[in-house]
Amino acid sequence: MISLNPQVAYVCFRVLFVRHSTSLLDSDPRPPKNQRVCDTLMPIVLRKTSFLFAACLALTGSAAINTATAQTKPPQTMPAPPQADTENQETPDTADDELEAAAVTLDLSHSSSLIQKLYQATRETKEQEILARLTEAKKLLADGADVKATDQYGRTALHWTVFGSSYNTKPNVIVSYEEMADQLLQKGVDINHEDTYNDTALDYLLYSPNFEIQTLLIEHGATSGFLIATFQFVQDQLGEMPKTGAEGMAKSMKADLAPGQTLSIRLNGPVYSEHSRTGDPVEGTVTYPLCKGGENITCPAGQLVIPPGTKVQATVLFAQKASSKYARPRLVLDFSNIVHADGSRSLLYARVIDVDNARETVRNNEILGIIQPHASTKASIVLMGVGMTNPIAGYTIRGVSAVYGLSIRREILFPAGTDLQVQVVRPSMLKTRDTWSGWPVLSVDPTLQALVTAAPIRVYTKDNRPSDLTNLMFIGSKQQLEAAFQEAGWFEADSLSIGSAMKTIGATIRSSGYTQAPVSLLTVNGRPPDLVFQKSLDTFAKRHHIRVWKEPGTWQGRDVWIGAATHDIDISRARGNTKWGHRIDPHVDREREWIETDLLYAGTATAYARVDRPHAPKTTSNATGDVITTDGQLSILELGTTKPNIINPPTPALQTRPTQANN
């Protein structure tokens, strides 16, 4: 008897259903000529429906589809650690009345007993245990506990009361926290005290759905440390409040950190929607130089604002798991402090505007996860229609959908190494300016210039159609090249096969990641690439990737490699949904600079150079019709020894389950 794997069975059903339903609805399912072949064998698989069904039956009795959540490995760890399959890995069931285990344990042993009890309440998962901790805290308060006391993060008992109330959904718990807050206010707690992250208690409630304590605090005169930052800055700089809005804005734009500037930050540790708690500390590192005029790989003299390698402190402003299949997981991070080399801190007021290669969306600083794929309106209508036509099929679909939905990891999990971009929203001045000599520049001699001139400008499809432009050159051995990308968190792509096509289908349907997804075949002088690397996070739709070919010449006795890099930013579907493809960012210079900075930051590239190519087209299109815009330059990266990292120390690998680490 065959033991069916419900995940694979569901994939089979979806593929077959889409194939036959589109044939009925569309008499001409041929895709447009410009549509890419999805970087996989998917079109072939979809045309061979019978063969796919047989393959599905063979797979259902064995392994589940490997749709591992993307992880970024430590820059200095080699080889790459095993991938963590967070999509299919079984996790203990949590009772409906329980929270998930907290990811972080803090050492508050030197804080007051009242703060310790309130902190312990935030680490409990069961309702009765939370209420018991709050009862103990109320007794301490009645016995005369000091409400002015703070912990090492500058937080009062009111902060910790707000933390516990912000993500809880049980009415008894919310009421108990409100009673605690009311008693603290009656005892004289400083309602507008700002913690290390420049946040008052009210700031931690801005994204919370629990309005009871928000109303209570506002009625007692609570203010937001974030909202008054602009006025405080202008008053400090002018000595008085500006007379007009234009005067205040003009002064704000002269700040070291002015509104609109962006910072590229890499997380040093994981954050979660279900395991992180409001108030958890978070740390990141700046990966891209910030100049006075914005982020750039190099800054003019005297224009450097923040160098790469600078630490940034943040905190979890709000985190909550999805309450139902129609609800989205939520996560809000507050990046608050620039930490200088001498240990001093400068204020930072910034919002998250993008998480690189994430399936999640960012709206007004809030990171929103996905709903269950089969919970969408269109899918529900289609499946309901099938059920009305054939009741047996309807019951089957609902059963498979339920099992399949439970297997999908929808919660937000950003591992160490996740790249975010934040935008400054309030002006501030730096207490000190850290120095940085810049990335080492490679000297381009006539021999190297000749290699650039001789290098191919374009790569071609197997039927000789021009496609992507080459935009990177590497100097070093194959071992150095592989190590350079591996230590920067990249993975080598799988080869094209039925197995990789099945994984791709599963990742697409499940809205999950596939860290080693294959790419379509492109050639240089008829040769396939020698190496293919890619870097993604938690979705197949978005990824950085580069194809690399070995060149015939050498430079100073070292091998030379040419690469064509593009950034996949979305999935596009051809007519009839019989072919899926990636759409690339047309500004391919961004991907060139991303790889430059990624390897220089990781320390695996020791120097770089930019060389003009006058004959390179500035505007063209690839084989699938995507527009390409470029300045035509080729970036050269000299590879060195893989250790030590010249900028950033290694960070811990992704843990699929939260670890209890002291901070």
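Scanning for side-chain hydrogen bond (donor to acceptor under 3.5 Å, both in side chains) contacts around E360 gives an empty result, with sequence neighbours left out. Scored by the side-chain hydrogen bond (donor to acceptor under 3.5 Å, both in side chains) test, T196 finds no partners at all (sequence neighbours excluded). Checked against side-chain hydrogen bond (donor to acceptor under 3.5 Å, both in side chains), N471 has no partners two or more places apart in sequence or in another chain. Under the side-chain hydrogen bond (donor to acceptor under 3.5 Å, both in side chains) criterion, Q261 pairs with no residue, sequence neighbours left out. Partners of D631 by salt bridge (Lys or Arg N to Asp or Glu O under 4.0 Å), not counting sequence neighbours, listed by chain and number: R592.
A salt bridge links D468 and R547; the closest N-O separation between the charged side-chain nitrogens and carboxylate oxygens is under 4.0 Å. Between D256 and R433, at least one side-chain nitrogen of the basic residue sits less than 4.0 Å from a carboxylate oxygen of the acidic one, meeting the salt-bridge criterion. Salt bridge D598/R266: present, at least one basic N to carboxylate O contact under 4.0 Å. Salt-bridge annotation for K478 and D559: absent, with no side-chain N of the basic residue lying under 4.0 Å from a carboxylate O of the acidic one. A salt bridge links R543 with D568; the closest basic N to acidic carboxylate O contact falls under 4.0 Å.
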* **Pair D195-R155, salt bridge (charged side-chain N to carboxylate O under 4.0 Å, His left out): steps then yes or no** => CA-CA 5 Å; D195 63 8; R155 289 160 170 169; 3.1 Å; yes
* To do: Check the pair E591 / T566 against side-chain hydrogen bond (donor to acceptor under 3.5 Å, both in side chains), numbers first and verdict last.
  => CA-CA 6 Å; E591 188 69 358; T566 57; over 6 Å; no
* Verdict with supporting geometry, Y288 and E593, side-chain hydrogen bond (donor to acceptor under 3.5 Å, both in side chains) -> CA-CA 10 Å; Y288 215 92; E593 293 177 7; 3.3 Å; yes
* **Full working for side-chain hydrogen bond (donor to acceptor under 3.5 Å, both in side chains) between D445 and W555** => CA-CA 10 Å; D445 60 20; W555 184 69; 3.1 Å; yes
* Let me see the working for E295 and T262 under side-chain hydrogen bond (donor to acceptor under 3.5 Å, both in side chains), right down to the final yes or no. => CA-CA 7 Å; E295 293 186 283; T262 59; 2.8 Å; yes
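Surrounding CG of N525 are at most 12 heavy atoms belonging to other residues, nucleotides or ligands under 6.0 Å away.
A side-chain donor-acceptor contact under 3.5 Å links N357 to the backbone of K535. Under the 3.5 Å distance criterion, the side-chain polar atoms of T597 are left unmatched by any main-chain donor or acceptor of W594. Judged by distance alone, the side chain of N337 and the main-chain N or O of V339 form no donor-acceptor pair under 3.5 Å. Between the T470 side chain and the G563 main chain, no donor and acceptor come within less than 3.5 Å of each other. Remark: the backbone N or O of G476 is paired with a side-chain donor or acceptor of W561 at under 3.5 angstrom. Proximity of a side-chain donor or acceptor of Q480 to a complementary backbone N or O of S477 within less than 3.5 Å is detected. Here the side chain of E283 pairs no donor or acceptor atom with the backbone of K311 at under 3.5 angstrom. Listed for the S276 side chain is no donor-acceptor partner under 3.5 Å among the backbone atoms of V271. In this structure, the side chain of H275 engages the main chain of A101 through a donor-acceptor pair within 3.5 Å. Panel note: side chain S428, backbone L347; a donor-acceptor pair is recorded below 3.5 Å.
No side-chain heavy atom of V560 sits under 4.5 Å from any side-chain heavy atom of L448. A heavy-atom distance below 4.5 Å is not found between the side chains of V548 and V532. Using a 4.5 Å cut-off on side-chain heavy atoms (C-beta onward), R330 and F318 make contact. In this structure, L430 and T432 have side chains that are not in contact, with every pair of non-hydrogen atoms separated by 4.5 Å or more.
Put simply, CG on L304 and OG on S437 are 10.0 Å apart, with the number rounded to the nearest 0.5 Å.
In terms of heavy atoms, A319 sits closest to V316 at CB-CG1, 3.8 Å. Closest heavy-atom contact between D334 and Y197: OD2-O, 3.9 Å. Taking every heavy atom of both residues into account, Y153 and P281 meet most closely at OH-CG, 4.0 Å. Taking both residues in full, the closest heavy atoms of R558 and I475 are given as NH2-O, 3.5 Å, listed atom of the first, atom of the second, then distance. Listed here is the closest heavy atom pair of A607 and V441: CB-C, 4.2 Å. A102 and R277 get closest at one heavy-atom pair: N-NH2, 3.8 Å.
A side-chain hydrogen bond (donor to acceptor under 3.5 Å, both in side chains) check over residues 446-457, counting only residues at least two apart or in different chains, returns nothing.
Among I562, L531, L599, the single residue meeting the side chain to side chain contact (heavy atoms under 4.5 Å, CB included) criterion with F474 is L599. Each of R590, H567, K542, H544 was evaluated against D585; a single residue qualifies, R590, per the side chain to side chain donor-acceptor pair (under 3.5 Å) test.
Neither side chain, K431 nor S346, offers a donor N or O lying under 3.5 Å from an acceptor on the other.
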